[in-house]
Amino acid sequence: MSKADTVIVLDFETTGISPGMGDRAIEIGAVRIENGEVTDRFQELMNPGRRISGFIEDYTGISNRMLQSAPPCGEVMQRFSDFIGDNNLVAHNASFDQRFLDAELALISKKRSGQFTCSMLAARRLYQEAPNHKLGSLVRYMNIPSDGTFHRALYDSEMTAKLWLAMLGSIGDRYAVPAVSFSLMRKLTRTPKRSVSQLFERS
DNA sequence: TGCCAGGCCCTCTTTAGGGCCTT
């Protein structure tokens with residue numbers, strides 16, 4: 001597997017759903033996958049400079065007290081920018097995490113250079129019969145061991161990484177593709193569902 | 001306190017609407 005197939009699987013916890021409406025990141029978690037294995041991890045809380053809602057406290061288990069002593073977003077995002085480097089990126093419903101990553105990096109005058117792809121869009125194509133395509137549901141559907149601690153950034157990124165590797169395995173088993181590259185997975189997320197077989201038969 | 005967005009994707013579609021996902 002080439003360096004291009006080293007990927008960072010990441011997950012943000014945030015104050016809400018829209019950076020365009022002023023929402024900020026409160027936690028970033030990520031794992032690095034190299035040669036099909038997790039080789040490094042990143043997790044930090046960050047202080048968004050405001051109180052978070054009771055809904056977000058309940059949803060994530062991250063409290064205002066925990067964030068009081070956390071470093072500011074800019075400081076954490078500097079370190080995270082170094083962590084991701086120029087690697088390609090994966091997230092579950094990546095359009096969400098991409099918006100927050102780009103918004104937080106813009107606030108410290110940085111940009112990412114890696115490309116994003118989305119585990120949810122890939123799973124919708126590979127596991128069309130799954131009950132739904134929420135991260136927790138797919139983890140159960142694929143019988144990936146889990147203690148159910150969802151909605152914390154590192155845990156969700158670990159589970160997304162395991163789902164990602166399971167999808168690479170499914171493609172290998174189902175279509176006899178020996179090495180599934182990041183760029184092939186990216187093509188998968190842009191392929192109509194009815195054409196998935198043809199994509200892999202051409203590979 | 002409660003609310004917000006946006007891309008994907010399906011269908012009773014394309015001159016649109018609504019569910020799925022993420023926090």
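Order of the sequence lines fixes the chain letters, A, B, ..., with proteins taken first and strands second; residue numbering starts at 1 for each chain. Keep in mind the model is a prediction, meaning the values are calculated, not measured. Computed from heavy atoms alone, side chains included, the values below leave out hydrogens, waters and symmetry copies.
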Atom CE of A/Met21 to atom C1' of B/dG2: distance rounded to whole Å? 12 Å

Charged tip of A/Arg32 within 45° of A/Phe83 ring normal and under 6.0 Å: yes

For the pair A/Glu104 and A/Lys110, evaluate salt bridge (charged side-chain N to carboxylate O under 4.0 Å, His left out) and give the outcome as yes or no after the intermediate values. CA-CA 9 Å; A/Glu104 291 293 345; A/Lys110 282 186 167 282; over 6 Å; no

Return the value, rounded to whole Å, for the distance between atom CZ of A/Phe100 and atom C1' of B/dG6. 12 Å

I'd like to know if the side chain of A/Thr15 pairs up with that of A/Asp23 as donor and acceptor (distance under 3.5 Å, no hydrogens or angles considered). yes

As a test of reading the structure: which of B/dC21, B/dT22, B/dC4 is closest to the side chain of A/Phe96, going by heavy atoms? B/dT22

Tell me which nucleotide among B/dC4, B/dC21, B/dC10 gets nearest to the side chain of A/Lys193. B/dC10

A/Glu27 CD to B/dT23 P, straight-line distance once rounded to whole Å: 11 Å

Strictly below 4.0 Å, heavy-atom distances to any atom of DNA chain B: list the hits from residues 60-80 of chain A, or just say none. A/Thr60

Pairwise C1' distance, B/dT22 and B/dT15 [rounded to whole Å]: 31 Å

What nucleic acid atoms does A/Gly16 come within less than 4.0 Å of, heavy atoms only: base, sugar-phosphate, or nothing? base

May I ask you to decide if A/Leu188's main-chain N or O and A/Arg125's side chain share a donor-acceptor pair within less than 3.5 Å? yes

Write down the distance between NE2 (A/His92) and P (B/dC8), rounded to a whole number of angstrom. 15 Å

Selected nucleotide, minimal atom distance to A/Arg124 side chain, candidates B/dG6, B/dC21, B/dT23: B/dC21

Between B/dC3 (P) and A/Ile52 (CD1): distance, integer Å: 18 Å

What integer number of Å spans the P atoms of B/dG7 and B/dC3? 23 Å

Whichever of A/Asn132 and A/Leu121 has its nearest DNA chain B nucleotide further upstream toward 5': A/Leu121

Listed nucleotide nearest any side-chain atom of A/Ser95, set B/dT23, B/dC21, B/dG7: B/dG7

With C1' as the reference atom in both, quote the distance from B/dA16 to B/dT23 in angstrom, rounded to an integer. 28 Å

Without decimals, in angstroms, what is the distance between A/His151 NE2 and B/dT22 P? 8 Å

When the distance from CD1 of A/Ile17 to P of B/dG6 is rounded to whole Å, what number comes out? 10 Å

Using the C1' atom as the reference point in each nucleotide, state the distance between B/dT14 and B/dC8 in Å, no decimals. 16 Å

Determine the interatomic distance between C1' on B/dG6 and the same-named atom on B/dT1; round to the nearest Å. 24 Å

In terms of side-chain heavy atoms, does A/Tyr141 have a donor or acceptor partner in A/Glu129 at a distance below 3.5 Å? yes

Could you tell me whether the side chain of A/His92 and the main chain of A/His133 form a donor-acceptor pair under 3.5 Å? yes

Looking at A/His133, does any N or O in its side chain come under 4.0 Å of the phosphate oxygens OP1/OP2 on B/dC20? no

Have a look at A/Asp58 and say if it touches a base, only the backbone sugar-phosphate, or nothing, with a 4.0 Å heavy-atom cut-off. nothing

With rounding to the closest Å, how many angstrom separate the P atoms on B/dC4 and B/dC10? 26 Å

Can a side-chain donor-acceptor contact be found between A/Thr60 and A/His151 if the only test is distance below 3.5 angstrom? no

Give the rounded distance in Å between these two atoms: CZ of A/Phe12 and C1' of B/dA5. 17 Å

With no hydrogens and no angle check, do the side chains of A/Ser170 and A/Tyr175 hold a donor and an acceptor under 3.5 Å apart? no

B/dG2 to B/dC9 separation - C1' atoms, rounded to the nearest Å: 29 Å

